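In what follows, a single structure is set out as structure tokens and then discussed.
Indexing begins at 1, ligand by ligand and atom by atom, following the structure's order. All values derive from a computational prediction rather than experimental measurement.
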Amino acid sequence: MKISVYDTKEQIGAEVAKIIADLIKRKPDCVLGLATGASPIPAYKALIEMYKKGEISFKDVTTFNLDEYCQIPRSDKNSYFTFMHEELFDHIDIKEENVNFLDGTAQDAAQECKRYDALIDKKGGIDLQVLGIGNNAHIGFNEPTERFSSGSYKTKLSNSTIEANKMYFQNGEMPHYALTMGVSGICKSKAIVLIATGEKKAQAVYNMIKKDITPHVPASILQRHDKTAVFLDKAAASLL
Ligand code: PGA
């Protein structure tokens, strides 16, 4: 893992956007794995600026998002589908048919997960995966558990994740299940960029980097992925 520490979220956003932009310039039809949450927003803002200046185009780029809530439709304002459109896709020239999400409302979740993993493979795999990290060191919605997951699957969100995310939902009522790419699926990405900012992430970051690899710290698996770059602010890096 390559660890870099910055003063501000905006600096991290600019650096991560530069990595993504360089990939798009090198490989205009690249496949990006994208994440929701607060962590990647500055990078998405920086990418929108680069697109507006004519520096990059997303017209041949394909994206796969990491996860999606169950029990709410794509049209819901809290779906990750909506989040990604508001924070990135509506502001760039990506083609809607190249934007991929797990369908959290699918009747047959297992079948939907198989479809998603097969489609990622068909597109040649993910060139660059953007990740955040949960306060409990989850990646995607892979919560701490007894075994590392492989392909995409339906997961029950942990209390820690529900606590962290419920502020986005009216009355704090939010889905307790989601579909997520599995840990092995994430690790198949050719390169990974993980962003963590703020003091609340410090323990998870420490456990990810310094502790043994264990499914109780899902992000610790990234120690084995030699093309992982971790971008931290000083607060998130404070225990290292
Ligand atoms: P955050 O979430 O970027 O909103 O902190 C990260 C995560 O839960 O994976």
Quiz item: What about Ala38: any of its N or O atoms under 3.5 Å from an N or O on ligand 1?
Solution: yes
Quiz item: Can you find an N/O atom of Ser39 closer than 3.5 Å to an N/O atom of ligand 1?
Solution: yes
Quiz item: Between Arg115 and Glu112, is there a salt bridge with N-O shorter than 4.0 Å?
Solution: yes
Self-check item: Protein contact to atom 8 (O) of ligand 1 [nearest heavy atom, distance to 0.1 Å]
Solution: His138 NE2, 2.7 Å
Quiz prompt | Name of the residue among Asp212, Ile133, Asn207, Asn136 meeting side-chain contact (heavy atoms from CB on, under 4.5 Å) with Val217 | solution = Asn207
Quiz prompt | Atoms in ligand 1 flagged as close to Gly37, the criterion being non-hydrogen separation under 4.0 Å | solution = 3 (O), 4 (O)
Quiz prompt | Charged N-O contact under 4.0 Å between Asp233 and Lys201 | solution = no
Quiz item: Relative to ligand 1, is Ile133 under 4.0 angstrom through side chain, backbone, both or neither, heavy atoms considered?
Solution: backbone
Quiz item: Do any heavy atoms of Lys201 fall under 4.0 Å from ligand 1?
Solution: yes
Practice problem: Classify the angle between the aromatic ring planes of Phe64 and Tyr116 as parallel (below 30°), tilted (30 to 60°) or perpendicular (above 60°). | Solution: perpendicular
Practice problem: Can you spot which of Phe101, Tyr177, Phe169 makes a ring-ring contact (aromatic ring centres under 6.0 Å, His included) with Tyr69? | Solution: Phe169
